[in-house]
Student: 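Input: one structure, supplied below.
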Amino acid sequence: MRLDKLLANMGYGTRKEVKVLLKQKAVTVDGDVVKDSAMHVDPEKQNVSVLGERVEYVEFIYVMMNKPPGVISATEDKYDQTVIDLLDPYFQNFEPFPVGRLDKDTEGLLLITNDGTLTHNLLSPKKHVPKWYYAKIDGVVTEADIEAFAQGVTLDDGYHTKPGELKILTSGEQSEIELMIQEGKFHQVKRMFEAVGKTVTYLKRLSMGPLALDEELALGEYRELTKEELQSLLER
């Protein structure tokens with residue numbers, strides 16, 4: 001890895017700022033002062049230090065966010081704020097991406113990482129990763145809906161969903177439910193309820209596989225995964 005990329009990723013400034021550090025003789029590799037920003041180093045085998053402090057190399061980041069409404073699940077967008085825009089520059093340096101997407105107006109659990117292998121394992125249809133949602137529904141949700149979702153429903157484009165597990169929390173003109181699905185089709189939860197003649201008015205993702213939303217995170221807040229949370233994702 002280029003030395004300037006390593007130091008920029010580890011939060012020592014932009015590549016331009018890193019070059020200033022190099023000119024100031026503040027960077028050493030295995031004890032030798034280095035001025036060449038393009039020098040390639042192996043941070044796992046070599047001792048890279050800035051102002052005498054060893055650089056602790058991190059390859060991947062794993063961030064849990066409580067996604068707020070009005071923000072899109074993308075790395076960049078010309079018109080709307082993205083979940084990546086909400087991150088501290090330190091995390092942005094790793095060029096992370098959201099694992100799957102939540103609709104613009106949907107809240108809740110979103111995993112952000114630069115680990116492509118983990119992302120593939122969580123999103124692959126073959127892995128059948130369960131995702132739980134909480135929703136408010138305009139319309140009376142009934143036992144018939146539970147049975148319909150258990151069989152899978154046909155969406156507006158003719159696609160028949162895999163079975164989902166529907167739990168009714170309250171039922172009335174405004175109902176509250178929890179729903180588990182194992183797919184991630186475009187607007188799937190909303191379209192599943194449309195298929196049974198009802199409308200989702202509020203949607204929040206609660207969990208993805210073994211990873212559950214930290215309810216102490218306010219909307220727009222995020223934190224790195226704990227070792228236990230990460231291990232549970234890697235082991236599934």
Side-chain angles (χ1 to χ4, degrees), residues 64-75 77 80-83 97-113 118-215 217 219-220 222 229 232-233 236:
M64 175 196 297
M65 177 181 287
N66 186 358
K67 178 193 167 300
V71 178
I72 63 172
S73 302
T75 54
D77 190 84
D80 292 304
Q81 187 178 39
T82 73
V83 292
F97 40 82
V99 179
R101 62 167 61 91
L102 292 179
D103 299 340
K104 183 177 179 179
D105 59 349
T106 298
E107 303 176 5
L109 174 68
L110 187 66
L111 176 62
I112 299 173
T113 183
L118 176 63
T119 298
H120 172 75
N121 288 338
L122 290 173
L123 297 181
S124 172
K126 297 179 181 179
K127 299 293 184 178
H128 305 295
V129 177
K131 294 174 279 288
W132 278 98
Y133 293 83
Y134 164 81
K136 294 180 181 178
I137 309 297
D138 187 4
V140 181
V141 181
T142 67
E143 290 293 327
D145 296 322
I146 293 177
E147 294 173 10
F149 279 39
Q151 299 298 319
V153 296
T154 302
L155 304 183
D156 49 5
D157 60 358
Y159 177 79
H160 194 78
T161 69
K162 288 184 171 63
E165 183 179 344
L166 176 61
K167 294 180 180 179
I168 300 174
L169 303 179
T170 63
S171 182
E173 292 303 318
Q174 297 289 325
S175 300
E176 294 179 75
I177 62 92
E178 288 184 357
L179 173 66
M180 185 279 290
I181 59 175
Q182 298 182 39
E183 302 170 281
K185 300 296 181 183
F186 183 67
H187 293 319
Q188 181 167 340
V189 174
K190 296 175 182 177
R191 293 165 68 203
M192 288 179 74
F193 276 99
E194 287 172 2
V196 293
K198 299 173 180 67
T199 302
V200 174
T201 58
Y202 172 84
L203 186 60
K204 175 182 180 180
R205 183 156 67 189
L206 304 175
S207 65
M208 184 178 193
L211 185 64
L213 176 65
D214 183 345
E215 294 292 349
L217 290 175
L219 287 171
Y222 57 89
E229 289 169 336
S232 70
L233 288 177
R236 67 156 281 109

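Note that this is a predicted model, so its numbers are computed, not measured.
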Student: Measure from the side-chain N and O atoms of K131 to the backbone N and O of V129, and report whether any donor-acceptor pair falls under 3.5 Å.
Tutor: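 Checked: pair present.
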Student: Looking at every non-hydrogen atom in both residues, tell me the closest pair between A148 and V196 and how far apart they are.
Tutor: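 Shortest heavy-atom separation between A148 and V196 comes out as CB-CG1, 4.4 Å.
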Student: Just how far is it from atom CG of D156 to atom CD of E194, taken to the nearest 0.5 Å?
Tutor: 6.5 Å
Student: Just one of D145, V153, L179 clears the side-chain contact (heavy atoms from CB on, under 4.5 Å) bar with F193, so which one?
Tutor: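 Output: one option passes, namely L179.
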Student: To the nearest 0.5 Å, tell me how far Y133 OH sits from I181 CD1.
Tutor: 4.5 Å
Student: Which heavy-atom pair separates T75 from P98 by the least distance, and what is that distance?
Tutor: CG2-CD, 4.2 Å
Student: Given K204, which of E107, E215, E178 fulfils the salt bridge (charged side-chain N to carboxylate O under 4.0 Å, His left out) condition?
Tutor: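 Looking at E107, E215, E178, the match for K204 under the salt bridge (charged side-chain N to carboxylate O under 4.0 Å, His left out) is E215.
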Student: Take L206 and M180 through the test side-chain contact (heavy atoms from CB on, under 4.5 Å) and record every step on the way to the result.
Tutor: CA-CA 10 Å; L206 304 175; M180 185 279 290; over 6 Å; no
Student: Supply the atom-to-atom distance T201 OG1 to I137 CD1, rounded to the nearest 0.5 angstrom.
Tutor: 6.5 Å
Student: Identify the two heavy atoms, one from A195 and one from T154, that lie closest to each other, and give their separation to 0.1 Å.
Tutor: CB-O, 3.5 Å
Student: For P163 and A150, which heavy atoms make the closest approach, and how far apart are they?
Tutor: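 That would be CB-O, 3.1 Å.
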Student: Please round to the nearest 0.5 Å and tell me the distance separating atom CG of L169 and atom NZ of K136.
Tutor: 11.5 Å
Student: Identify, with sequence neighbours excluded, every residue that meets side-chain contact (heavy atoms from CB on, under 4.5 Å) alongside D105.
Tutor: D103, K190
Student: Check whether the side chains of E183 and Y159 place a donor and an acceptor atom closer than 3.5 Å, and report yes or no.
Tutor: yes
Student: Kindly say whether V141 contributes a backbone atom to a donor-acceptor pair with the side chain of S171 at under 3.5 angstrom?
Tutor: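 The answer is yes, because a donor-acceptor pair under 3.5 Å joins these two groups.
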Student: Keeping S124 on the side-chain end and N121 on the backbone end, is there a donor-acceptor pair under 3.5 Å?
Tutor: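 Not confirmed, S124 side chain does not pair with N121 backbone.
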Student: To the nearest 0.5 Å, tell me how far K67 NZ sits from T106 OG1.
Tutor: 6.0 Å
Student: Carefully, step by step, assess Y202 and Q174 under the rule side-chain contact (heavy atoms from CB on, under 4.5 Å).
Tutor: CA-CA 11 Å; Y202 172 84; Q174 297 289 325; over 6 Å; no
Student: Not counting sequence neighbours, which residues clear side-chain hydrogen bond (donor to acceptor under 3.5 Å, both in side chains) with T199? List them please.
Tutor: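 Not a single residue meets the side-chain hydrogen bond (donor to acceptor under 3.5 Å, both in side chains) criterion with T199.
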Student: Among residues at least two apart in sequence or on other chains, which ones pass salt bridge (Lys or Arg N to Asp or Glu O under 4.0 Å) with R205?
Tutor: none
Student: Report yes if the side chains of S175 and T142 come closer than 4.5 Å at any heavy-atom pair, otherwise no.
Tutor: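 When only atoms from C-beta onward are counted, T142 and S175 do not touch, as no gap falls below 4.5 Å.
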Student: State, to 0.1 Å, how close V99 and T113 come at their nearest heavy-atom pair, and which atoms those are.
Tutor: CG2-CG2, 3.7 Å
Student: Closer than 3.5 angstrom, by distance alone: can the side chain of T161 be matched with the main-chain N or O of G152 as a donor-acceptor pair?
Tutor: no
Student: If we only count heavy atoms from C-beta on, is the L111 to L233 side-chain gap below 4.5 Å?
Tutor: yes
Student: Carefully, step by step, assess N66 and D214 under the rule side-chain contact (heavy atoms from CB on, under 4.5 Å).
Tutor: CA-CA 8 Å; N66 186 358; D214 183 345; over 6 Å; no
Student: To the nearest 0.5 angstrom, please state how far the OG1 atom of T170 sits from the CD1 atom of I177.
Tutor: 10.0 Å
Student: Are any side-chain N or O atoms of D80 and backbone N or O atoms of I72, one a donor and one an acceptor, separated by less than 3.5 Å?
Tutor: no
Student: Does atom CZ (R191) have a neighbourhood of more than 12 heavy atoms from anything else shown, all under 6.0 Å?
Tutor: yes
Student: What is the minimum heavy-atom distance between M65 and I112, and which atoms define it?
Tutor: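 Between these two residues, the closest heavy atoms are CE-CD1, 3.8 Å.
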